[in-house]
Amino acid sequence: MVKRTRIKDLLQSADFDKTVIVKGWVKTFRNNQFIAINDGSSIHNIQAVVDFNATEESLLKRVTTGAAVAIKGRLVESMGKGQRVEIKVDQLEILGDSDAEKFPLQPKKHSLEFLREIAHLRFRTNTFNAVFKVRHALAYAIHQFFNDRGFVYLHTPIITASDAEGAGEMFRVSTIDFDHIPRNADGGVNYKEDFFGKATNLTVSGQLEGELAAMAFGDVYTFGPTFRAENSNTTRHLAEFWMIEPEMAFYDLEDNMDLAEELLRYVIRYAIQNCPDELEFLKDRLLEEEKQKPQSERAELDLLAKLNFCLENDFERLTYTEAISILKNSKPNQKKQFKYLIDDWGADLQSEHERYLVEKHFKKPVILTNYPADIKAFYMRQNEPDELGRKTVRAMDILFPGIGEIIGGSQREERLGLLEQRMDDMDISKEELSWYLDTRRFGSAPHAGFGLGFERLVLFVTGMTNIRDVIPFPRTPKNAEF
RNA sequence: UCCUGAGUAGCUCAGCCGGUUAGAGCAUCUGACUGUUAAUCAGAGGGUCGCUGGUUCGAGCCCAGCCUCAGGAGCCA
């Protein structure tokens with residue numbers, strides 16, 4: 001009895017004249033005799049050669065793009081030029097027909113926009129085969145990285161009652177019947193009637209829970225879905241995305257940056273080593289795409305060169321204050337080419353400024369630290385005011401070319417009094433976050449952590465340009481198909 | 001949410017100054033060929049021009065509103 005062999009293994013095999021079985025989907029059927037078959041194990045197809053004189057014509061007619069087939073035959077050296085091995089077909093079976101007039105994927109180029117509309121079928125294209133293989137490799141590498149370093153993988157809740165995280169608009173979770181909303185005496189919604197007896201939402205971050213666990217395990221990380229109900233329509237935002245959030249006791253900001261940089265290098269290296277065919281394909285795809293653009297807008301490095309560059313060069317670390325001074329003296333600022341001109345310390349950096357620093361000035365990933373306290377979250381550790389009395393916090397953002405912010409993190413404020421003061425200033429309820437403050441009440445310790453946007457990482461490594469193309473089923477405003 | 005652009009055949013697009021029966025390439029189908037590599041050659045079928053309303057003798061084209069998509073901005077990861 002012959003068992004099915006994966007195409008990936010057959011393509012490397014030299015077991016000529018051996019009888020094999022392949023099962024997969026037809027990519028093209030050329031010349032009435034050459035079937036290109038893909039089974040997902042490799043980005044490459046295997047060619048099966050049919051003797052059309054000895055095969056029922058009605059059967060050959062069913063060999064259409066997208067059809068699932070099972071083929072039994074002999075592995076032989078190919079007589080043609082395009083491939084090393086191929087299969088001489090002895091038996092051809094159609095497992096599942098695919099009406100060529102209706103199947104949307106044709107043996108031709110499709111736009112990414114069109115493929116997004118048929119996300120249930122786009123897995124079958126080379127591009128998405130490669131993208132989601134790389135996505136898998138990156139996810140695996142992340143777990144391996146943390147596991148090797150003794151981190152505990154922590155599952156933080158997806159449904160949360162706290163809305164004080166301040167990370168963005170939240171999706172409400174409720175079983176209330178919208179046609180019969182229970183009301184309070186004052187006319188508001190009576191959430192006591194709701195499933196959890198209080199208002200609940202989908203999480204925007206597992207960080208606060210992560211901190212609780214870090215105060216026991218030392219080093220933990222989360223890796224799960226996160227939800228933001230922002231009406232963001234960009235190539236970098238999703239309403240549902242995956243985030244990695246490590247949290248480490250006894251780490252300061254330097255340790256935090258070191259870990260983040262090490263993590264990024266580790267997973268990029270893992271992808272290069274484990275997805276060579278996929279990255280090669282994606283590199284070529286990107287070169288092809290960039291041909292549409294004027295020379296001046298094309299990337300200086302191809303995809304693989306860019307990834308290797310990240311492995312070989314330290315990220316540029318500088319403070320917000322230093323960044324402001326670079327930007328202030330930059331050409332686009334002096335020539336008033338920025339939409340938002342830099343004149344004073346304290347303003348948040350716009351994406352045009354971040355892009356200038358990363359893509360024009362340093363030409364490498366940049367870590368910005370010590371942002372003004374006013375523009376950052378309440379839990380970030382406060383620095384001593386500088387000589388000018390300016391208040392900063394120990395925040396760090398890692399900025400990548402083409403992506404912008406890929407990581408945001410900080411050393412956390414472990415001093416109870418200062419933390420409470422800041423919550424009061426920012427009007428954040430201490431009662432609601434009393435459980436969080438307990439970490440500072442009982443054995444508080446310096447600690448730090450960061451959040452890595454998984455899809456942004458996949459964007460960077462695959463060279464794709466729209467975040468909707470690196471998650472299988474993107475959720476964005478006005479779109480929750482499939 | 002704001003700014004800009006787009007929506008015409010299954011896909012990618014063209015369609016002149018508003019004028020008769022709406023075009024191409026690819027895909028599909030039919031036939032030919034048979035060691036092809038997005039095969040090739042010949043032929044055929046395929047359209048609610050995003051939706052609604054308006055202007056006009058006449059609208060794919062002009063105007064208004066809406067919907068959707070894309071790029072950029074904001075927000076962020």
Side-chain angles (χ1 to χ4, degrees), chain A residues 27-36 44-53 60-61 64-66 76-83 86 88 98-118 125-126 165-169 204-207 225-245 260 292-293 297 338-340 348-355 375-377 397-400 403-409 450-460 465-471 476-479 481:
Chain A
K27 297 291 271 238
T28 63
F29 184 31
R30 281 185 297 271
N31 222 0
N32 214 20
Q33 49 183 334
F34 303 105
I35 313 174
H44 302 296
N45 307 322
I46 198 157
Q47 174 163 289
V49 188
V50 182
D51 181 353
F52 57 88
N53 287 317
L60 288 177
K61 286 262 182 268
T64 53
T65 303
V76 296
E77 262 181 290
S78 178
M79 290 163 65
K81 289 228 172 75
Q83 55 283 316
E86 64 190 20
K88 276 271 180 230
S98 174
D99 185 340
E101 281 193 73
K102 291 182 184 141
F103 187 56
L105 292 172
Q106 303 155 356
K108 57 166 287 196
K109 259 211 165 36
H110 291 294
S111 67
L112 294 172
E113 289 84 358
F114 172 66
L115 292 171
R116 227 169 273 153
E117 291 172 21
I118 50 166
T125 64
N126 291 333
E165 289 148 24
E169 290 296 310
V204 293
S205 162
Q207 181 201 314
T226 310
F227 308 87
R228 306 268 167 99
E230 305 285 352
N231 192 5
S232 300
N233 295 285
T234 78
T235 53
R236 304 178 304 283
H237 290 85
L238 291 165
E240 176 182 297
F241 64 100
W242 289 64
M243 191 152 61
I244 296 101
E245 296 180 287
Q292 317 293 322
K293 295 201 262 179
E297 285 173 33
F338 282 144
K339 197 171 161 211
Y340 299 89
D348 208 349
L349 298 181
Q350 308 296 321
S351 49
E352 59 180 345
H353 306 132
E354 297 180 349
R355 271 215 311 277
I375 57 172
K376 287 292 182 182
D397 283 359
I398 302 187
L399 310 176
F400 263 32
I403 313 284
E405 188 180 342
I406 194 166
I407 279 180
F450 59 85
L452 164 63
F454 186 53
E455 283 76 18
R456 289 189 181 175
L457 174 67
V458 182
L459 262 189
F460 182 75
T465 47
N466 190 317
I467 202 162
R468 295 161 201 147
D469 296 328
V470 299
I471 188 166
T476 51
K478 302 269 181 280
N479 184 8
E481 283 301 307

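Lettering follows sequence order; numbering is per chain, from 1.
- In this structure, A:Phe34 does not count as stacked on the base of B:A39 under the 5.5 Å centre distance and 30° plane angle limits.
- The separation of B:U4 from B:G74, taken at their C1' atoms, amounts to 15 Å, rounded to a whole angstrom.
- Regarding contacts with the backbone of B:A27, every side-chain N or O of A:Thr65 stays at 4.0 angstrom or more from both OP1 and OP2.
- Atom name C1', nucleotides B:A9 and B:G60: the rounded distance is 14 Å, in whole Å.
- Atom CD in A:Glu169 sits roughly 14 Å away from atom C1' in B:G74 (whole-Å rounding).
- Between A:Lys81 and A:Asn466, the one whose closest nucleotide on RNA chain B sits nearer the 5' end is A:Lys81.
- For A:Arg468, the listed nucleotide lying nearest its side chain is B:A70; candidates were B:G74, B:A70, B:C76.
- Note: CG (A:Asp397) to C1' (B:C76) measures 10 Å, nearest angstrom.
- Taking 4.0 Å as the cut-off between side-chain N and carboxylate O, A:Lys376 and A:Asp348 do not count as a salt-bridged pair.
- Shown here are the side-chain contact (heavy atoms from CB on, under 4.5 Å) partners of A:Asn466, two or more places apart in sequence or in another chain: A:Arg116, A:Thr235, A:Arg468, A:Asp469.
- Distance from the side chain of A:Arg116 is smallest to B:A70 among B:A70, B:C33, B:A77.
- A donor-acceptor pair shorter than 3.5 Å cannot be found between the side chains of A:Gln47 and A:Ser78.
- If you take atom C1' in B:G25 and the same atom in B:G15, they sit 15 Å apart, rounded to whole Å.
- A:Arg236 and A:Thr234 share no side-chain donor-acceptor pair at under 3.5 Å.
- Side-chain proximity of A:Glu230 to the nucleotides B:G35, B:C75, B:G74 is greatest for B:C75.
- In this structure, the nucleotide among B:A77, B:G35, B:A70 sitting nearest to the side chain of A:Met243 is B:A77.
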Exercise for review: Apply side chain to side chain contact (heavy atoms under 4.5 Å, CB included) to the pair A:Thr65 and A:Thr28, showing each step before the final yes or no.
Suggested key: CA-CA 6 Å; A:Thr65 303; A:Thr28 63; 5.6 Å; no

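- Across B:C41 and B:A14, the matching P atoms stand 25 Å from one another, rounded to whole Å.
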**Study point:** Annotated protein contacts, base or backbone, on nucleotides 2-12 of chain B with a non-hydrogen cut-off under 4.0 Å, one of B, S, - each
**Key:** --------BBS

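- An OP1 or OP2 oxygen of B:G72 is reached within less than 4.0 angstrom by no side-chain nitrogen or oxygen of A:Arg355.
- The A:Glu405 side chain lies nearest to B:A77 when the options are B:G71, B:A77, B:U30.
- Separating the CG atom of A:Asn231 from the P atom of B:U1 is a distance of 5 Å, rounded to the nearest angstrom.
- With sequence neighbours excluded, no residue forms a side-chain hydrogen bond (donor to acceptor under 3.5 Å, both in side chains) with A:Thr125.
- Regarding contacts with the backbone of B:A39, a side-chain N or O of A:Arg30 is found under 4.0 angstrom from either OP1 or OP2.
- Applying the ring-ring contact (aromatic ring centres under 6.0 Å, His included) rule to A:Phe103 yields no partners; only residues at least two apart in sequence or on another chain are considered.
- Contact annotation for A:Gly451: backbone-only contact, meaning every heavy-atom pair under 4.0 Å involves sugar-phosphate atoms and none involves a base.
- Residue contacts shown for A:Lys88 include a base, since a base heavy atom lies under 4.0 Å away.
- Put simply, A:Thr235 has a side-chain N or O that comes within less than 4.0 Å of OP1 or OP2 on B:G72.
- A close approach under 4.0 Å does occur between a side-chain nitrogen or oxygen of A:Gln350 and OP1 or OP2 of B:G74.
- Going from atom CD of A:Glu86 over to atom C1' of B:U36 covers 10 Å, rounded to whole Å.
- With both ends at atom P, the span from B:G50 to B:A59 equals 15 Å, rounded to whole Å.
- Scanning for side-chain hydrogen bond (donor to acceptor under 3.5 Å, both in side chains) contacts around A:Thr64 gives an empty result, with sequence neighbours left out.
- If you take atom C1' in B:G7 and the same atom in B:U12, they sit 13 Å apart, rounded to whole Å.
- Distance from the side chain of A:Asp348 is smallest to B:C76 among B:C33, B:G74, B:C76.
- Rounded to an integer number of Å, the gap from A:Arg236 CZ to B:G72 C1' is 9 Å.
- Closest non-hydrogen pair, A:Phe29 versus A:Leu60, comes out as CE2-O, 3.7 Å.
- Partners of A:Lys88 by side-chain contact (heavy atoms from CB on, under 4.5 Å), not counting sequence neighbours, listed by chain and number: A:Val49, A:Arg74, A:Val76.
- Under the rule for a salt bridge (charged side-chain N to carboxylate O under 4.0 Å, His left out), the partners of A:Glu455 that lie at least two apart in sequence or sit in another chain are A:Arg135.
- Spacing between B:C61 and B:G18 at atom P, rounded to whole Å, works out to 11 Å.
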Revision key, fill the gap. Pairing string of RNA chain B (Watson-Crick or G-U wobble, both atom distances under 3.5 Å; | = paired to other strand) is (((((((..((((.....[...)))).(((((.......))))).....(((((..]....))))))))))))....

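- Within the structure, the salt bridge (charged side-chain N to carboxylate O under 4.0 Å, His left out) test picks out the following pairs touching residues 99-108 of chain A (sequence neighbours left out): A:Asp99-A:Lys102.
- The base of B:C75 sits with one of its N or O atoms less than 3.5 Å from a complementary donor or acceptor on the side chain of A:Ser232.
- B:A22 and B:C13 have their C1' atoms separated by 14 Å, given to the nearest Å.
- Ranked by how close their nearest RNA chain B nucleotide is to the 5' end, A:Phe454 and A:Pro477 are led by A:Pro477.
- For A:Lys339, taking side-chain heavy atoms from C-beta onward, the closest of the listed nucleotides B:U36, B:A70, B:A73 is B:A73.
- Checking B:G74, B:U68, B:U36 against the side-chain heavy atoms of A:Asn31 singles out B:U36 as nearest.
- No N or O donor and acceptor, one from the side chain of A:Glu352 and one from the base of B:G72, sit under 3.5 Å apart.
- Here the side chains of A:Ile406 and A:Leu399 are not in contact, with every heavy-atom distance at 4.5 Å or above.
- In this structure, A:Leu349 atom CG and B:G74 atom C1' are separated by 14 Å, rounded to whole Å.
- Residue A:Phe52 contributes atom CZ, which lies 12 Å from atom C1' of B:A32 at whole-angstrom precision.
- Base contact: A:Thr234 has a heavy atom under 4.0 Å from a base atom.
- Nucleic acid contact class of A:Ile407 (heavy atoms, under 4.0 Å, all strands): sugar-phosphate only.
- Taking atom CG of residue A:Leu115 and atom P of nucleotide B:A70, one finds them 13 Å apart after rounding to whole Å.
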